[in-house]
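Order of listing sets the numbers, starting from 1, for every ligand and every atom in it. Sequential numbering from 1 along the given sequence is applied to the chain's residues. Note: hydrogens, waters and symmetry copies are ignored here, and every other heavy atom, side chains too, is used.
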Amino acid sequence: MRMTYFGNCIQLTFYPGVFPVNCYLVKEADGLTLIDTGLPSSAKAIRTAAQKLDMPILRIALTHAHGDHVGSLDTLRKASPNAEVMISVRDARLLRGDTSIDPSEPQVKVRGSVRPCKTSPTRLLNAGDRIGSLEVISCPGHTPGHVAFFDTRDRTLIAGDAFQTQGGVAVSGTVRPLFPFPALATWHKPTALTSAKHLRQLRPSHLAVGHGNILVNPLEAMDAAIKMAERKLKGKI
Ligand SMILES: [Zn+2]
């Protein structure tokens with residue numbers, strides 16, 4: 001596991017070479033907020049990282065309910081039974097294995113690995129909610145209830161799989177041949193593109209994603225990724 005320090009965050013990367021999966025520890029005055037929980041095998045290393053920082057994990061917030069983001073949720077929750085567990089209202093259904101689509105949503109099947117968890121969230125998130133310094137930003141598309149977390153202290157955006165940087169910067173749904181997996185697991189590409197534009201408008205200072213390295217000053221790269229997604233959706237490339 002690799003630890004990368006930036007601002008108030010630490011990126012934890014599992015399998016950095018082959019299939020990088022990231023989760024994040026965000027420092028707050030009272031302790032840590034863990035964003036996503038990696039793979040089922042990641043729990044021990046996440047706890048060791050928190051011990052190294054000498055701060056308790058008080059909150060676990062999930063960007064979405066795919067297996068590579070909620071993999072260690074049950075184990076970590078057992079180790080920290082008092083930690084708050086948060087996910088969007090919409091993806092809470094996926095977390096318990098319910099993949100049904102609402103009549104108001106695009107009638108497309110949820111894709112990617114949905115791995116039901118025993119842990120129930122203690123708090124359901126809506127756009128605009130605050131978790132310490134983090135603001136909850138709704139960005140559906142990869143899953144119907146995907147959210148990002150925007151650190152209001154320094155404009156760092158933890159975007160989950162709304163973007164990827166591994167194999168080239170891309171909006172969720174754009175296949176990057178060197179790392180196609182997030183695209184293949186994307187529920188609805190037009191929705192993901194709308195969300196990507198919304199995230200770009202936040203003018204983040206850092207883009208931190210589920211798969212790939214952190215981007216500093218990411219606006220140009222985000223613009224290029226949005227353009228590419230637009231052209232692909234229009235069938236021009
Ligand atoms: Zn992922």
N, O or S from His69 under 2.8 Å to the Zn ion (ligand 1): yes

Atom name in Asp161, limited to N/O/S, at shortest distance from the Zn ion (ligand 1): OD2

Whether His64 has an N, O or S atom under 2.8 Å from the Zn ion (ligand 1): no

Side-chain (Asp36) to main-chain (Thr63) donor-acceptor, under 3.5 angstrom: yes

Cluster check Leu12, Val26: I/L/V/M/F/W/Y, side chain < 4.5 angstrom: no

N, O or S atom within Asp68 nearest to the Zn ion (ligand 1), by name: OD2

Whether Phe179 and His211 hold their rings parallel, tilted or perpendicular, with breakpoints at 30° and 60°: tilted

All side-chain contact (heavy atoms from CB on, under 4.5 Å) counterparts of Arg123, not counting sequence neighbours: Glu84, Met86, Leu125, Asp129, Ile131

